[in-house]
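In what follows, chains are A, B, ... by sequence order, proteins preceding strands, each numbered from 1. This one's a predicted model, so the numbers in the text were calculated from it and none came from an experiment.
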Amino acid sequence: MAERPHLAVIGAGPAGLAASLAAAVHGVRVTLVDAGTEAGGQFYRQPAAALGARRPQTLHHQWRTWERLRTGLDGQIAAGRIRHLPDHHVWCVERESGDGGFGVHALVGPMQDDGVVVRADAVLVATGGHETVLPFPGWTLPGVVTAGGAQAMLKGGLVLPGRTVVVAGTGPLLLPVATGLATAGAHVAALVESADPRALLRHSSALAAQPGKLTEGARYTARLLRHRVRALVRHTVVEAHGTDRLESVTVAALGTDGRVRPGSERRIPCDTLAVGHGMLPHTDLAETLGCALDGTDVRVDDEQRTDVPGVWAAGEATGIGGAALALAEGHIAGRSIAARLHGSAPDPRTWAAAARARTRLRTFFAAVDAVFAPPVGWVEQATDDTVVCRCEEVTAGEVRSAVGGFGAGDLRTVKLLTRAGMGWCQGRMCGPAVAGVSGCTLTTPRRPLARPVPLGVLAGVSEEGLPALSEEDLE
Amino acid sequence: MAKRLTCDVVVVGAGMVGAACALYAARAGLDVVVVDRGPVAGGTTGAGEGNLLVSDKERGPELELALLSARLWAELAEEFGSAVEYEPKGGVVVAATTEALASLKDFAAAQHAAGVMTEVVDADQVRSLEPHLAPGLAGGVLYSQDAQVMPALAAAHLVRASGARLCTGRTVTGVLRTAEGAVRGVRTDDGEIHAPAVINAAGTWGGDVAALAGAHLPVLPRRGFVLVTEPLPRLVRHKVYAADYVADVASDSAALQTSPVVEGTAAGPVLIGASRERVGFDRSFSLPVVRSLALGATRLFPFLERVRALRTYVGFRPYLPDHLPAIGPDPRVPGLFHACGHEGAGIGLATGTGHLIAQALGGKTTDLDLTAFRPDRFSGDEVNSP
Ligand SMILES: Cc1cc2nc3c(=O)[nH]c(=O)nc-3n(C[C@H](O)[C@H](O)[C@H](O)COP(=O)(O)OP(=O)(O)OC[C@H]3O[C@@H](n4cnc5c(N)ncnc54)[C@H](O)[C@@H]3O)c2cc1C
Ligand SMILES: Cc1cc2nc3c(=O)[nH]c(=O)nc-3n(C[C@H](O)[C@H](O)[C@H](O)COP(=O)(O)OP(=O)(O)OC[C@H]3O[C@@H](n4cnc5c(N)ncnc54)[C@H](O)[C@@H]3O)c2cc1C
């Protein structure tokens, strides 16, 4: 009997889980490699078992979908078809010369300073996305967290980031974050959204495609009302105040030109500001493999294949669009991989429902993207002494003088001349901010190392090869 | 409407070499325009390191140029100093075995005779110069003239200080010639720039610019990766490399070579570079290459095993078949000057190059004899030789 082909899935969020299940059910051995301590990714983030959460489902909606995924995963793991490697941080995926296989290099251990390699015949990049935060005076104060960070604390650690919270920025994520915090007992002093969500109504085709999203939004809104959360739309946080940590924020109304309306400022006392300005895909691993991008997203075809043979991508790595879209894409990817690894062309009719959902959700999120754009005036709010790159402590003023004084006209030159984006996060956090302040187009630099790697691991000295999932392990 | 500019000299390329040419030409009283298809330092200058080395050069014309350049860098440092992160930190070349030390000493003795400051150090002295080096090394040589700059900042500051007009985002698409064949400017994708002299400082693409004027100059790319670590306190004080590095630099082989130079930087990260390979303009990441850099560096400094690499980047050194740059007037095309092909030393050699080019432009006798750097020294058959 021929050996079953082996797929490495990177990322155990909705996309990676759906793909792993679809592939495993159709005769593929799967190794699911994920940085999290538990499967679930960003959306179904699970509290560590040791925390003994009694009712984690109160923090999640779509709990039933999650339960189905979880049960499926447990079953496939028990059957030896899926191996789940939690707490494995992939720093590079390499196409190995010779047999056309791949080497997935990950960091493990409490300090992430040991290395392992997983070898596979195909790779699915399901690495999701990361939040972006645009700078404003005071944003580096302790007490200012990202919206996703606040939610992660809540879902993963079962702790509230603070007692009195302002949720601010833009994007469809703010609503669930504010609702989650309020439900868990925080006082949400305000939800400050710079866009006007009613503008979505103008994209009637998008809404018609996605009536469920309206009810989802309505449900959140009702819950916010119940918790007496003040929602300030077309408003923005212009400054965070405090000496040692956050004490209050100033919010202001935005005019139709996207700029702050003078005289509309007011202070809101709070100990926590959860702020987010949308998300960007994690594309480092795919790019290093040579996959083409469309703007900031990994480019895929109808089967979720990238343009590099043997490499598929699904979920937010291919464009920001929520958990349901990630599930649909993951499912399609898993079916396609199973067929292709067995040497046949897949039949798209077998995933017709997922494909319809994918089309609808992509249309909807294209409209969401257009509506929830940061206000044009944010750049003016970033005063010269506002830090834009936290890792290297580069201010907006320094970025501006690299442009004004030396004619830097692109992000790479700004980085070379100011160090903005050269630090720990390698520009993942500050990229959009530096682009905005410098007036340059946002481009993703190549990051062949997706995670900081100890040189000993890089040198191959402290890296261990994992045995392939063997046939004997299978039932 | 397309712009038309007139000046005394057009510098093609706003890398380190073009910046130095602009500075010295402007200081000689010429009206200079610098044109680059990208930004300042967008070519190899922004993709390499800033070692200003005399230590790795054997006796000969390149060493002469390196010594002249080192003097000029020290002069410029008084003006630009910390803005370009100039650090006269010195280099330490180490030898693992007594045999390697013996040949390193011979190499250094010849350099010393040519005017390089060298100091042979024994095993104990090496450890006191660099306390974190691996134990058991035989000894080494200290080169106090080795220094460092941050290349992109250096290029940006020199261009600005020159007062030259800088046209970025403008590609040179032709070299304008008179009926007699003399240069009268360049054509760009955004209009013409008229001048009686053109300097080809297009680095790795210098061969293409030469071809626009009908001149043969076989500049080719030699790929290099650099590794950058997390910021650290000063644990590596000098530029440190193993003696076999010199053999790599001078090598003619296309195969991969890595004997990294390890150094701390003013900003904190340790830089480990660089590999040398001839694979054309292939930008794709090569894990084996970066692995061997990491291996070389951790062998020299075992503490680096636990230090994290944050990033790696790639660049293409401009090299000519005999590993010497092309500097000076092109006898085939009156008015055309070349300043390219500096391979892995273009940052270090930029000042001397700019100074000599300014002298040549002014019709003066140059401080160094330019014969070895003649741009017309290649026949056309050497391109494919190994
Ligand atoms: C604050 C917040 C609120 C949200 N609320 C909603 C909502 O209400 N409704 C909705 O539909 N969507 C919501 N989303 C979006 C939803 O979480 C995502 O759409 C969904 O999780 C995307 O699924 P994914 O599988 O593509 O990626 P993710 O769920 O992000 O999973 C990616 C996984 O890959 C892992 N990973 C990434 N890089 C590596 C690496 N190098 N090595 C190892 N592992 C790696 C990550 O650790 C993660 O586990 C929210 C997101 C955020 C941040
Ligand atoms: C990994 C690595 C490490 C290195 N380390 C060192 C070191 O430690 N010390 C050292 O001294 N050197 C080092 N070097 C070598 C050094 O970087 C180069 O020699 C030097 O940068 C060359 O400078 P340049 O100005 O000639 O070329 P570049 O910086 O490449 O500038 C040439 C410019 O010409 C422009 N150009 C090209 N064609 C056209 C056109 N048609 N129209 C308009 N503009 C054009 C390009 O856009 C480019 O900006 C290293 C190189 C690499 C790759």
Heavy atoms, side chains only, cut-off 4.5 Å: are A:Cys92 and B:Phe285 in contact?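 Side chain of A:Cys92 against side chain of B:Phe285, heavy atoms only: contact under 4.5 Å found.
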Greatest number of heavy atom pairs closer than 4.5 Å to chain B - which of A:Arg447, A:Met422, A:Arg95: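 Of A:Arg447, A:Met422, A:Arg95, A:Met422 has the most heavy-atom pairs under 4.5 Å with chain B.
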Residue among A:Gly103, A:Gly405, A:Gly290, A:Pro445 with most heavy-atom pairs under 4.5 Å to chain B: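 The residue among A:Gly103, A:Gly405, A:Gly290, A:Pro445 with the greatest pair count is A:Gly405.
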With rounding to the nearest 0.5 angstrom, report the [atom1] to [atom2] distance, [X] to [Y].
X        : Y        : atom1 : atom2 : answer
B:Thr229 : A:Leu458 : OG1   : CG    : 12.0 Å
B:Leu227 : A:Leu449 : CG    : CG    : 7.0 Å
B:Phe303 : A:Leu455 : CZ    : CG    : 9.0 Å
B:Arg283 : A:Arg446 : CZ    : CZ    : 6.0 Å

Minimum heavy-atom separation for [X] to [Y], with atom names?
X        : Y        : answer
A:Leu416 : B:Ala152 : CB-CB, 3.7 Å
B:Pro39  : A:Asp410 : CG-OD1, 3.4 Å
A:Arg419 : B:Pro269 : NH2-CG, 3.8 Å

Close approach to chain B in residues 310-318 of chain A, criterion heavy atom under 4.5 Å: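 Checking residues 310-318 of chain A against chain B gives no residue, so none.
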Non-hydrogen contacts under 4.5 angstrom with chain B: give the residues of residues 424-431 of chain A involved, or none if there are none.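 So the qualifying residues are A:Trp424, A:Gln426.
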Please confirm whether B:Arg160 makes a cation-pi placement over A:Phe406, using NZ or CZ under 6.0 Å from the six-membered ring centre and within 45° of the ring normal.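 The answer is yes, since B:Arg160 meets both limits relative to A:Phe406.
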Report which part of B:Ala47 has an atom under 4.5 Å of a heavy atom belonging to chain A: side chain, backbone, both, or neither.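 Contact with chain A involves both backbone and side-chain atoms of B:Ala47.
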Give, as side chain, backbone, both or neither, the part of A:Gln112 having an atom under 4.5 angstrom from any heavy atom of chain B.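 Contact with chain B: backbone and side chain both.
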Under a 4.5 Å cutoff for heavy-atom pairs, which residue among B:Leu287, B:Leu153, B:Thr298, B:Leu295 has the most contacts with chain A?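 Among B:Leu287, B:Leu153, B:Thr298, B:Leu295, the one with the most close pairs to chain A is B:Leu287.
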Below 4.5 Å, heavy-atom pairs only: which of B:Arg299, B:His157, B:Arg291, B:Glu230 has the largest tally toward chain A?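 Ranked by contacts with chain A, first place is B:Arg291.
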Quick one, B:Arg308 with A:Asp113, criterion side chain to side chain contact (heavy atoms under 4.5 Å, CB included). Give me CA distance, side-chain angles, the key distance, then yes/no. CA-CA 9 Å; B:Arg308 283 170 201 270; A:Asp113 48 13; 3.9 Å; yes
So with a 6.0 Å cut-off around CZ of B:Arg234, is the heavy-atom count from everything else above 12?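 Yes - once you tally the heavy atoms of other residues, nucleotides and ligands closer than 6.0 Å, there are more than 12.
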Evaluate whether atom CD of A:Glu393 has more than 12 neighbouring non-hydrogen atoms of other residues, nucleotides or ligands under 6.0 angstrom away.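 No - once you tally the heavy atoms of other residues, nucleotides and ligands closer than 6.0 Å, there are 12 at most.
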